[in-house]
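Here is the structure we will look at.
All chains are named by letter (A, B, ...) in the order of the sequence lines, taking the proteins before the strands, and each is independently numbered beginning at 1. All values reported here derive from a predicted model rather than from experimental measurement.
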Amino acid sequence: MKEYNPHEIEPRLQEAWAAADAYKVSDDGDRPKKYVLEMFPYPSGDIHMGHVSNYTYGDVIARYSTMRGFDVLHPMGWDAFGLPAENAAIKRNSHPAKWTYENIATQQASFQRMGFSYDWDRKVVACDPEYYRWGQWLFLKFWERGLVERKNSPVNWCPDCKTVLANEQVEEGTCWRCHSEVEKRDLTQWYFKITDYAQQLLDDLDQLDGWPERVKQQQANWIGRSEGAEVDFRVVPIADSASSAECQNDETITVFTTRADTLFGCSFFLLAPEYPGLEEFVAGAGHEAEVHELVEAAKKVSAVERAQGDREKHGVFTGRYVVNPVNGEQVPVWVADYVVADYGTGAVMAVPCGDQRDFEFARKYDLPIPPIILQDDDPLFERLNGQKDRVVTSVDWEAAMDAEGTLVQSGDYTGMQGGKHSEGEAAIVAALESAGAGRRKVEFRLRDWLISRQRYWGNPIPAIHCDHCGVVPVPEDQLPVLLPEDINLAAGETLATHEKFAACTCPKCGSPARRETDTMDTFTCSSWYYMRYTDPRNDSAPFASEKANTWLPVDQYIGGIEHAILHLLYSRFFTKVCRDMGLLDFDEPFTNLLCQGMVLDEKGDVMSKSKGNVVSPEDKIDEFGADVVRAYMLFLGPPEKEKLWNDKGLEGINKFLNRTWRVVHDLVGKAGDNTLFDPTADALNAHGKAMEMKRERHRVVGKVTADFDRYSFNTALAAIMELVNATSDFLRLREAEHRINCETGGPLCRDVAETIVKLLAPIAPHWAEELWQSALDHDDSVHKQPWPDFDPELAKADEVELAVQINGKVRAKITVAADAAEDDIRSAALAAAADHTAGKEVVKAIVIPSRLVNIVVK
RNA sequence: GGGGGUGUGGCGGAAUUGGCAGACGCAGCGGACUUAAAAUCCGCCUCCGAAAGGAAUCAGGGUUCGAGUCCCUGCACCCCUACCA
């Protein structure tokens, strides 16, 4: 027997697999299809444990699926555009492509060292023109469908990355990538109108039974659908504002509210500091200076500070009034820094008695807090119940009264129930609608996706600016718009200053024009790469629909929870647009989603260079080989949970694979040994152990299969260990030269050896292949073998031990035949527990077959 | 503030539908082999107790013949998100 030597086996088999195209998959195989996909990596350099974890899960699922009889598409590629490459290039005075392709080569070599079974013929690299060309093509198609928009608005600007960011890319007021503070700037930018799909993106979450609940919840929260109403407040002209004279003008300001039922409690009105036209609105009302001061102060408040929960609220009176449409009351208009400009209309009706924020603001600036919604146990309730007109103008509460209650001091609506979607709300909205002062409205929190970036290393937006024709799409036959290679980033050159790139002619009128010099957000690249894998070398379309519809949707998608919103939402959007274009015939790209937990150090801390606790996968492969690293990663715990890396545990798995290697060889050595049964006492024992091993073989295959199906790899591995332990028990007796009969001897040993090797094949592919070919003497690959069968009948023991409980406490054990009748079990249990039941009344005895008997006594 | 989740030995974790809590492994302890060590193999290993026995799945209550699992109350921790009107 050769010793287990991963350092010799692994490179040799990897070469053999590559030479044989072992993991290439054909589009027209006749087996059922399965698409197993892991999120493609950013080529950041050496791989880390997060990669090992993510891609090991994917590889095990892919290999297992193949053995279960599927044609498995399991591709790999790189999300290769993005800022780190550009920053590295600037630092080294080199080109982003160089850094990117070098890192891809490094990572690809590492993936091959890990033994991952990718179909490398389908490799997709997002910064290759053959890929990004079709990203541009999709952009043009989106544009044709009215889903591309260029507009000026306040946007998030990262001063470090020197580019704008999408809403989704701002985390607590900082850039998701470099965590610099994000600034607001007014810029004209390109958007994808993802909001057109807001409702579908929300509704179709219901289709995603195979997604973790929390991811769906996060997406639903991000889309943030609110049902409510728009309400128009007429603006009181400046000359009239002091008097109660009826105002004549038609100017209105509209608010969005989910609580129209509380309109009678509106005692002031708020505008965001960024409210469009604010300056004109306050002009001449006598408070221009204060308003200006507040607006300027609000601008200076950093996004980080803004994001930190309980900020003190600031506001200033504008000198103007608006009219509450439900009661004709004039209420003062204030500018307040807690009103956000880009939700709803940027204007808010303030109801201090029902909204904690408005309540605090009213307290601070001494504004009235009229009570209009009360619970029955409120001290005021008795007095105000049924009271239609306002007799109490302000209350002295500790906090606002949120949620539901009975409306009071609310005119004709007094006595109705108030609350979200309440009777009172419906009645007031209906009245506003018939008066033309309001309408039902559904508001979303989701904003349009800002996709333009002021950076070089991205996919150029295929548009041309012409003085005569405006913004014109680049004609399809002129794609791709190639990134110029001759650019000196270190010297500060950008696409915008790259004259040769920017200069062009207008495709419409032929006059000199300028090319768009923004590139697309890299998330556009990752929104459709899984489609490209189905037809990666197509040079006349992003993919052929038949191929995409054959393989997609992805049956199992695997990646980190950090993409719960960004990438997954954008990909769902792309899929729906492609469906509406007729390119795809399904609604959702990823049927099942597995979000794997982080790999942490043994204390549970995040691995980071600054902490010096990073465990390098390459080092561990050098030491133990890839199979040990893979198996240990799986053994650490459930995929979706965090995993604490511990080198001692890794050594434990190393011992296991070494021991099992020897066990398989031992079994093979006995496989030809068909000596007859020798009826000595020890031999009887050996026969018993053999039978036990046989039972374990069937039980464990059943258990491992079920565990693989639910991705419980740690328990699958534990079950395999149990089989190996039972086998060791048997072999130990064989070592003493006791014989078992030929019927159960040789063939059983061989069956168990092959079973163990097959069960471990997805987990430790090189280890298994080597044993399959050299120890078990096959000339094909274990990875092409069918998954082992099992017979549940053979997994059953002849006799089972049951616990006998008295009032729920285990007091005795009995051994009965596995198929014993319930009555027989009951009487055996009563007999065994006689000591404990003596002198007591047996109320009943509950028999749970093959588990326990519970005798209830008094 | 809103949402999602978790709580089991010294540690990672198991217990799939309510049915013998702690599978499997790590660490630890003891033993065999060895001149010795490593490797390997065997045994012990929740806590209290000498033992019989008792207690124990964050705390408290409930449902049930039976609860880690279901329900209620509270505590602790983690993740996401946030002046969203």
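- For the pair Tyr338(A) and A85(B), the criterion of a side-chain N or O lying under 4.0 Å from OP1 or OP2 is not met.
- At the heavy-atom level, Pro638(A) lies under 4.0 Å from the strands shown only through sugar-phosphate atoms.
- A15(B) sits 14 Å from U6(B) when the P atoms are compared, rounded to a whole Å.
- Distance check on atom C1': C26(B) versus G13(B) gives 10 Å, rounded to whole Å.
- Between Lys809(A) and A55(B) there is a side-chain polar atom (N or O) within less than 4.0 angstrom of OP1 or OP2.
- In this entry the distance linking NZ of Lys813(A) with P of G19(B) reads 16 Å, nearest Å.
- When rounded to the nearest whole Å, the span between CD of Glu562(A) and P of U81(B) equals 12 Å.
- When heavy atoms are screened at a 4.0 angstrom cut-off, Lys643(A) is found touching no nucleic acid atom at all.
- You'll find that the side chain of Glu722(A) is closest to C24(B), out of C80(B), U16(B), C24(B).
- Rounded to whole Å, the distance from CD on Glu230(A) to P on A85(B) is 14 Å.
- For the pair Phe656(A) CZ and G12(B) P, the computed distance is 22 Å after rounding to whole Å.
- Using atom P as the reference point in both G62(B) and U81(B), the two lie 41 Å apart (nearest Å).
- Heavy atoms of Asn725(A) sit under 4.0 angstrom from primed sugar atoms or phosphate atoms, though from no base atom.
- Gly344(A) comes within 4.0 angstrom of no nucleic acid atom, judged by non-hydrogen atoms across all strands.
- When the P atom is used for both G5(B) and C70(B), the distance is 12 Å, rounded to whole Å.
- Among C65(B), U81(B), C83(B), the nucleotide with an atom closest to any side-chain atom of Trp222(A) is U81(B).
- Judged by closest nucleotide on RNA chain B, Ala803(A) is the one of Ile846(A) and Ala803(A) placed further toward the 5' end.
- For Phe635(A), counting side-chain heavy atoms from C-beta on, the closest listed nucleotide (G19(B), G25(B), U81(B)) is G25(B).
- Using cut-offs of 30° and 60° for the angle between ring planes, the Tyr343(A) and Phe256(A) rings count as perpendicular.
- When the P atom is compared between G68(B) and G9(B), the two are found 14 Å apart, to the nearest whole Å.
- Comparing atom distances between the Arg710(A) side chain and each of C65(B), A15(B), C20(B) picks out A15(B) as nearest.
- A cation-pi arrangement is absent between Lys313(A) and Phe361(A), since the terminal nitrogen or guanidinium carbon is not both under 6.0 Å from the aromatic centre and inside a 45° cone about the axis.
- Pair assignment for A23(B) gives none, since no Watson-Crick or G-U wobble pairing has each distance under 3.5 Å.
- Distances shown here put every side-chain N or O of Arg445(A) at or beyond 4.0 Å from the OP1 or OP2 atom of U81(B).
- A side-chain N or O of Tyr64(A) and one of Asp709(A) form a donor-acceptor pair less than 3.5 Å apart.
- Positionally, the nearest nucleotide of RNA chain B for Glu642(A) lies more toward the 5' end than for the other of Glu642(A) and Glu801(A).
- For the residue pair Tyr632(A)/Asn646(A), the side-chain donor-acceptor check at 3.5 Å is not satisfied.
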Would you sort out whether Asn654(A) and Tyr4(A) count as a side chain to side chain donor-acceptor pair (under 3.5 Å), showing the intermediate values? CA-CA 10 Å; Asn654(A) 183 45; Tyr4(A) 171 50; over 6 Å; no
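- With hydrogens and angles left out, the side chain of Lys313(A) and the base of C83(B) share a donor-acceptor pair within 3.5 Å.
- Under a 4.0 Å N-O distance rule, the pair Asp206(A)/Lys216(A) does not qualify as a salt bridge.
- Listed pair Asn221(A) / C84(B) fails the phosphate criterion, with no side-chain N or O lying under 4.0 Å from OP1 or OP2.
- Look at the C1' atom in both C71(B) and G25(B): the space between them is 35 Å, to the nearest Å.
- When rounded to the nearest whole Å, the span between NZ of Lys648(A) and C1' of G28(B) equals 12 Å.
- In this structure a side-chain-to-backbone donor-acceptor pair under 3.5 Å is present from Asp627(A) to Trp767(A).
- If you take CG of Asp647(A) and P of G12(B), they are 16 Å apart, rounded to a whole angstrom.
- Under the Watson-Crick or G-U wobble criterion, with both distances below 3.5 Å, G28(B) is paired with C44(B).
- For Asn714(A), a side-chain nitrogen or oxygen approaches OP1 or OP2 of A14(B) to under 4.0 Å.
- Using a 90° window around 0 for the glycosidic torsion, G74(B) falls outside it and is classed as anti.
- Residue-level contact check: Val856(A) touches the backbone only, with heavy atoms under 4.0 Å from sugar-phosphate atoms and none from bases.
- A donor-acceptor pair under 3.5 Å links the side-chain atoms of Thr705(A) to the main chain of Val701(A), judged by distance alone.
- U63(B) and U73(B) have their C1' atoms separated by 15 Å, with the value rounded to a whole Å.
- Pairing for A52(B) is absent, judged as Watson-Crick or G-U wobble with the two contacts each under 3.5 Å.
- The distance from atom CG of Asp355(A) to atom P of G2(B) is 13 Å, rounded to the nearest whole Å.
- Contact between the side-chain N/O atoms of Arg357(A) and the OP1/OP2 oxygens of C84(B) is found at a separation under 4.0 Å.
- Atom CG of Asp601(A) and atom NZ of Lys643(A) lie 14.5 Å apart (nearest 0.5 Å).
- Base pairing of C84(B): no nucleotide in any strand meets the Watson-Crick or G-U wobble criterion (both distances under 3.5 Å).
- Under the Watson-Crick or G-U wobble criterion, with both distances below 3.5 Å, C77(B) is paired with G5(B).
- The aromatic rings of Phe713(A) and Tyr57(A) sit parallel to each other, their planes meeting at less than 30°, with 60° as the upper class boundary.
- Taking atom CZ of residue Arg214(A) and atom C1' of nucleotide C78(B), one finds them 11 Å apart after rounding to whole Å.
- One P atom belongs to C47(B), the other to G22(B), and the distance between them is 14 Å to the nearest Å.
- Counting any heavy atom pair closer than 4.0 Å across all strands shown, Lys420(A) reaches sugar-phosphate atoms only and no base atom.
- The listed nucleotides are C20(B), A15(B), U81(B); the one nearest the side chain of Gln805(A) is C20(B).
- Within the 4.0 angstrom heavy-atom criterion, only backbone atoms of the sugar-phosphate kind lie near Arg811(A); the bases stay farther away.
- Heavy atoms of Ser712(A) sit nowhere under 4.0 angstrom from any nucleic acid atom.
- Listed candidates were A27(B), G4(B), U40(B). Nearest to the side chain of Arg662(A) is U40(B).
- The listed nucleotides are A23(B), U40(B), C84(B); the one nearest the side chain of Tyr343(A) is C84(B).
- When heavy atoms are screened at a 4.0 angstrom cut-off, Leu644(A) is found touching the sugar-phosphate backbone but no base atom.
- At the heavy-atom level, Leu636(A) lies under 4.0 Å from the strands shown only through sugar-phosphate atoms.
- Using Watson-Crick or G-U wobble geometry with both donor-acceptor distances under 3.5 Å, U57(B) finds no partner in any strand shown.
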